[in-house]
Number of protein chains: 2
Amino acid sequence: MAVKNAYNIAVVGATGAVGTKILETLEKTEFPVNELKVLASKRSAGKTVQFANNDYVIEEATPESFSGVDIALFSAGGSVSKALAHEAVQRGAVVVDNTSAFRMAENVPLVVPEVNEQDIESHQGIIANPNCSTIQMVAALKPIKDAFGLSRIIVSTYQAVSGAGDQAIAELEEQTAQHLNGDAMEANILPVKSEAKHYPIAFNALPQIDVFSEGGYTLEEWKMINESKKILHDEDLSVAATCVRLPVFTSHAESVYIEIDKDNVRVEDFWKVLETAPGVILEDRPAEQVYPTPLSSADKDEVFVGRVRRDPDKSNGFHLWIVSDNLVKGAALNTVQIAHSLVKNNWL
Amino acid sequence: MAVKNAYNIAVVGATGAVGTKILETLEKTEFPVNELKVLASKRSAGKTVQFANNDYVIEEATPESFSGVDIALFSAGGSVSKALAHEAVQRGAVVVDNTSAFRMAENVPLVVPEVNEQDIESHQGIIANPNCSTIQMVAALKPIKDAFGLSRIIVSTYQAVSGAGDQAIAELEEQTAQHLNGDAMEANILPVKSEAKHYPIAFNALPQIDVFSEGGYTLEEWKMINESKKILHDEDLSVAATCVRLPVFTSHAESVYIEIDKDNVRVEDFWKVLETAPGVILEDRPAEQVYPTPLSSADKDEVFVGRVRRDPDKSNGFHLWIVSDNLVKGAALNTVQIAHSLVKNNWL
């Protein structure tokens with residue numbers, strides 16, 4: 001394909017928590033947009049969204065929507081991606097998919113540009129955006145792997161409700177108000193909307209994100225395990241995850257234990273690597289109480305790392321605290337970065 | 001000392017979050033109380049508290065307060081314990097101290113009755129109640145250690161604000177209301193009242209509990225590390241901790257990774273051990289979305305365990321989710337259990 005100056009873009013799921021951020025990010029990063037199509041379910045058709053100070057009317061996403069589209073950014077749930085991504089590719093679009101539908105498919109690159117941008121080149125029409133909790137972890141660990149080697153990851157997450165969409169955000173607001181008013185909390189959405197049981201998230205912590213699967217792990221946990229290996233190109237990497245939803249609106253935090261290959265590495269060596277890592281900001285000055293938190297990281301582009309410590313017993317074991325906005329780097333920004341890479345490298 | 005039918009009890013810090021629960025627990029567990037003294041700082045003197053349907057007037061805690069007291073339950077902060085515990089012992093009382101003042105002292109037993117009740121016998125006047133986050137973890141891990149051996153613990157905590165006292169509870173309430181009203185959140189207490197910087201806890205997660213110490217670890221983290229080894233009588237046990245405060249009022253949760261000594265142990269074997277463990281309730285049926293949460297565990301006596309999984313890569317590695325009310329088993333109940341043990345075993 002010849003290099004163009006601007007591209008026809010479709011955003012699928014344009015009214016959702018991530019879709020809204022994708023539109024903001026296309027504008028903020030000055031993506032060269034020629035025509036913009038904002039697509040969603042039939043239910044949202046006719047609504048308007050804003051982009052670059054213009055109103056755009058939402059159209060229902062159908063196979064025909066993708067005619068003439070160069071890049072389609074999907075963020076409307078796995079079933080929509082499964083139904084329409086291949087239709088978009090058949091019509092000449094390159095799809096950047098923000099759902100889990102194709103992430104582990106062999107012919108689909110799974111990309112965090114700071115980590116494995118080159119993987120985009122071999123795409124066959126679909127590029128997958130990793131799970132939010134995976135993106136921030138591998139973005140912080142890739143420079144560490146390059147510097148010191150990496151053999152093992154054990155992660156416990158502290159995840160925001162916005163990862164479960166707008167209804168989960170509303171549910172946290174409502175339950176919080178119910179509690180402050182002395183009313184019983186009503187739970188209808190979290191931990192997983194489609195599941196039989198729902199539990200309050202306000203003033204609570206739910207050790208279930210997505211449905212349960214093999215070995216007692218949830219799908220969210222398997223995503224972190226399998227996606228990390230794929231993105232880091234290391235099937236032998238040991239990864240275990242415990243994923244927990246918190247009463248936090250935005251930004252996921254992660255308590256991460258790693259084992260590295262190199263001996264005699266000090267915390268200061270980690271700092272040096274993280275200080276110059278792309279897309280990473282080191283916030284680690286315990287004496288001044290400097291460490292990242294979900295609130296301090298919200299609405300920011302970078303992955304923040306603090307609390308770097310050597311394990312008390314294992315000399316090549318280290319603990320880190322990794323925080324990033326799950327809607328920004330964890331979703332919209334990473335998706336748009338992949339789109340930028342496609343056009344910048346002429347990989348469409 | 002001759003066996004008595006009832007004992008003179010002093011509760012120091014009787015107006016605080018834990019002190020209030022201690023009074024409730026003495027009553028609920030039918031502790032044989034003869035005379036009750038409710039002590040606190042000068043500021044609280046003259047207030048009244050309830051016990052067994054009677055009002056008791058708070059007196060200022062002074063060395064003389066302990067004359068005639070058989071058992072003094074301290075829960076008014078480390079500085080009060082340091083100032084008054086030895087005074088109480090000199091006057092013939094046995095002290096059960098709920099602060100960190102004496103926990104690691106060689107002559108002071110550090111006790112979770114389900115784990116190491118026998119250690120109480122050798123006390124020299126002071127018995128220490130462990131840190132809340134330590135108690136629930138060792139209560140769940142002791143039966144596992146007995147059955148399968150235990151060589152390593154890596155824990156990430158999800159801790160409630162009530163562990164930081166009444167002011168922290170009030171701060172979470174206030175910040176939550178501020179947020180819902182669209183006002184800026186004011187932070188004056190958490191993460192640590194005496195520290196220079198304070199951060200909002202509402203809709204946030206703070207990776208600092210207590211002040212920072214050696215190696216970039218906080219004191220709370222060192223407490224979990226050192227206290228676990230002491231209670232489990234195993235200086236060679238590897239323990240690492242990351243302690244995080246959440247916008248949760250009551251009950252701490254813990255994501256715990258352990259390595260056991262025995263081979264070929266299955267999740268079902270863990271279930272069998274935990275089902276009959278004293279003070280522990282197994283809540284682990286992923287197919288039915290059954291697992292403990294802070295809200296479901298609040299106001300209960302037991303330590304709840306769920307999400308037991310084998311590590312995907314390490315056959316003797318397992319992950320667990322351990323939840324308990326930090327004011328009940330994590331503080332008041334454990335303290336009162338020690339007092340019961342003292343009188344039941346004639347160890348005063």
Side-chain angles (χ1 to χ4, degrees), chain A residues 152 154 156 158 172-173 176-177 179-180 185 191-192 195-197 199-200 202-208 212 215-218 225 238-240 242 244 246-250 253 255 257 267 284 286-296 306-314 317 319 321 323, chain B residues 152 154 156 158 172-173 176-177 179-180 185 191-192 195-197 199-200 202-208 212 215-218 225 238-240 242 244 246-250 253 255 257 267 284 286-296 306-314 317 319 321 323:
Chain A
R152 183 161 207 205
I154 297 173
S156 297
Y158 301 70
L172 174 57
E173 289 271 6
T176 303
H179 174 86
L180 289 191
M185 294 195 275
V192 179
E195 288 257 270
K197 292 181 187 168
Y199 304 113
F203 309 109
N204 206 8
L206 299 179
Q208 181 190 1
F212 282 97
Y217 288 83
T218 60
I225 294 166
S238 294
V239 188
T242 301
V244 181
L246 296 194
V248 163
F249 288 108
T250 297
S255 170
Y257 169 73
V267 167
D284 194 10
E288 299 162 49
Q289 292 179 269
V290 171
Y291 40 72
T293 70
L295 281 183
S296 72
R307 305 274 353 254
V308 182
R309 290 153 289 153
R310 187 195 297 276
D311 189 83
D313 301 287
K314 193 122 186 158
H319 302 266
W321 175 250
V323 189
Chain B
R152 183 159 207 208
I154 298 173
S156 297
Y158 300 71
L172 173 56
E173 289 271 6
T176 303
H179 173 85
L180 289 191
M185 294 194 276
V192 179
E195 289 258 271
K197 292 181 186 166
Y199 304 113
F203 309 108
N204 206 8
L206 299 178
Q208 183 189 359
F212 282 96
Y217 288 83
T218 61
I225 294 166
S238 293
V239 188
T242 301
V244 181
L246 296 194
V248 164
F249 288 108
T250 297
S255 171
Y257 168 74
V267 167
D284 194 11
E288 299 162 48
Q289 292 179 267
V290 171
Y291 39 71
T293 70
L295 282 183
S296 70
R307 306 270 359 249
V308 182
R309 290 154 290 155
R310 186 196 297 276
D311 189 81
D313 301 288
K314 195 123 183 158
H319 301 267
W321 175 250
V323 189

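Quick note on labels: first sequence line is chain A, next is B, and so on, each numbered from 1. If you're wondering where the values come from, they're calculated on a predicted model, not measured in any experiment.
- With sequence neighbours excluded, no residue satisfies salt bridge (Lys or Arg N to Asp or Glu O under 4.0 Å) with B/Arg310.
- For the set A/Leu206, A/Val239, A/Ile225, the count of heavy-atom pairs under 4.5 angstrom toward chain B peaks at A/Val239.
- For the set B/Pro312, B/Ser255, B/Pro207, B/Ser156, the entry with the most heavy-atom pairs within less than 4.5 Å of chain A is B/Pro207.
- With chain B as partner, the option from A/Val290, A/Val244, A/Leu246, A/Thr250 having the largest number of non-hydrogen pairs under 4.5 angstrom is A/Val244.
- Proximity to chain B (any heavy atom under 4.5 Å) is shown, for A/Leu295, by both the backbone and the side chain.
- Counting heavy-atom pairs under 4.5 Å between each of B/Gly216, B/Pro286, B/Ser296, B/Ala177 and chain A puts B/Pro286 at the top.
- Heavy-atom pairs under 4.5 Å with chain B were tallied for A/Gly306, A/Ala240, A/Ala202; the largest tally goes to A/Ala240.
- The closest side-chain donor-acceptor pair between B/Thr242 and A/Arg309 falls under 3.5 angstrom.
- Across every non-hydrogen atom of B/Pro200 and B/Met185, the tightest pair is CB-CE, 4.0 Å.
- Considering all non-hydrogen atoms of both residues, A/Asp284 and A/Arg307 come closest at OD1-N, 3.1 Å.
- Ranking B/Val267, B/Ile154, B/Val192 against chain A, the residue ahead of the rest is B/Ile154, based on heavy-atom pairs under 4.5 Å.
- For a residue to count as touching a neighbouring chain, one of its non-hydrogen atoms must lie under 4.5 Å from one of that chain's; by this rule A/Ala253 does not touch chain B.
- Most heavy-atom pairs under 4.5 Å with chain B, from the set A/Leu172, A/Val248, A/Asn204: that is A/Asn204.
- Neither the backbone nor the side chain of A/Ala287 comes within contact range of chain B; no heavy atom of the residue lies under 4.5 Å from a heavy atom of that chain.
- Taking the six-membered ring where the residue is Trp, B/Tyr291 and A/Tyr199 present perpendicular rings, their angle passing 60° and hence far from 30°.
- Heavy-atom distances place the side chain of A/Pro191, and not its backbone, under 4.5 Å from chain B.
- In terms of heavy-atom proximity, B/His319 sits nearest to A/Tyr217 at CD2-OH, 3.4 Å.
- Going from atom NE2 of B/His179 over to atom CD of A/Glu173 covers 4.5 Å, rounded to the nearest 0.5 Å.
- Interface remark: of the candidates A/Tyr257, A/Phe249, A/Phe203, A/Phe203 forms the most heavy-atom pairs closer than 4.5 Å to chain B.
- In this structure a side-chain-to-backbone donor-acceptor pair under 3.5 Å is present from A/Trp321 to A/Pro292.
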